[in-house]
Amino acid sequence: MIIAYTVKEVREQVKAWRKEGLTVGLVPTMGYLHEGHASLMRKAVEQNDRVVTSVFLNPTQFGPTEDLESYPRDFDQDCRLCESIGVSMVFHPEPEEMYAPDFCTWVNMDVLTGTLCGKSRPTHFRGVCTVVSKLFNIVTPDRAYFGQKDAQQLAVIRRMVRDLNMDIEIVGCPIVREADGLAKSSRNTYLNKEERKAALILSQSIALGQQMVQDGEKSAAAVKAAMTEKINSEPLARIDYVEIVDGLSMQPVETIKEPTLAAIAVYIGKTRLIDNFII
Ligand code: PAF
């Protein structure tokens with residue numbers, strides 16, 4: 001497995017693969033890889049001749065008071081996982097390689113980024129869209145893989161690719177959960193024992209909402225109220241948002257119909273976790 005640190009190395013390698021007529025998949029990550037990332041990489045290996053996984057803790061998608069400094073890292077372990085799955089190249093640039101000191105070009109999106117995580121983290125999606133565009137330009141993949149856990153991110157990237165005519169297939173992959181239901185996340189590592197137990201309230205409220213919809217509930221307000229009440233029953237939980245939105249525009253809906261996204265962000269202690277389900 002190749003480990004590349006520069007844009008030039010990646011470009012040269014991808015060019016060589018293209019000359020051989022090989023297809024290329026990209027799995028963008030911020031590292032500290034877990035089973036959720038592994039599922040994206042397995043899918044990418046299945047569907048492409050070569051797979052590039054980027055491991056880049058992108059500073060521009062973190063707000064000034066967020067967890068950029070404390071974000072967990074273990075590059076050696078990440079490489080072992082990538083290699084065991086059959087990834088061809090890991091791209092691990094330094095921030096200086098990705099952002100020149102006078103960098104000033106951003107990819108900004110309206111509408112879809114004004115709700116949910118975009119409301120609580122106003123500069124987040126500008127950083128995500130910009131870095132993902134850069135990775136697309138560097139790797140020029142045929143397909144790129146993103147998890148459904150970050151449902152708004154997936155919708156934003158699909159829209160960016162459509163709006164900017166990027167010739168890349170975006171593949172969304174299902175949420176991977178721990179045995180007890182908690183959605184896998186690099187941030188789960190911040191939780192102490194008591195918080196880890198309390199964090200189950202997220203998947204429990206998701207299961208409750210999902211059940212209500214399955215049983216025929218069509219009122220977004222009713223589902224939202226029940227999920228909110230469930231989360232509030234956990235003393236360590238503090239709601240950032242519980243929202244029922246249109247699955248494409250990310251705008252709140254009154255009536256549940258396809259495609260609708262029910263999404264939550266909840267602080268357990270200081271750790272902000274997200275979860276969702278799609279109708
Ligand atoms: O989902 C993530 O890990 C990040 O937002 C991404 C897509 C790798 C961009 O930095």
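Atoms within a ligand are numbered from 1 in the order they appear, just like the ligands themselves. The first residue in the sequence is number 1, and the count goes up from there.
- Atoms of ligand 1 lying under 4.0 Å from any heavy atom of P28, numbered from 1 in the order shown and given with element: 8 (C).
- Distances below 4.0 Å separate heavy atoms of V131 from the following atoms of ligand 1: 9 (C), 10 (O).
- For atom 9 (C) of ligand 1, the closest heavy atom belonging to the protein is Q61 OE1, 3.3 Å.
- Remark: R73 is not positioned above the aromatic ring of Y32, lacking an NZ or CZ atom under 6.0 angstrom from the ring centre and at most 45 degrees off the axis.
- Atoms of ligand 1 lying under 4.0 Å from at least one heavy atom of T29, given by number and element, are 8 (C).
- Below 30°, between 30° and 60°, or above 60°: for F146 and F136 the angle between ring planes is above 60°, a perpendicular geometry.
- Two rings, from H92 and F75, have their centers less than 6.0 Å apart.
- Between K134 and E97, none of the side-chain N atoms (NZ, or NE/NH1/NH2) sits under 4.0 Å from a carboxylate O, so this pair counts as no salt bridge.
- Protein heavy atom nearest atom 3 (O) of ligand 1, with residue, atom name and distance: M30 CG, 3.6 Å.
- For atom 5 (O) of ligand 1, the closest heavy atom belonging to the protein is Q153 OE1, 2.7 Å.
- A salt bridge between E12 and K8 is present, with a side-chain N of the basic residue lying under 4.0 Å from a carboxylate O of the acidic one.
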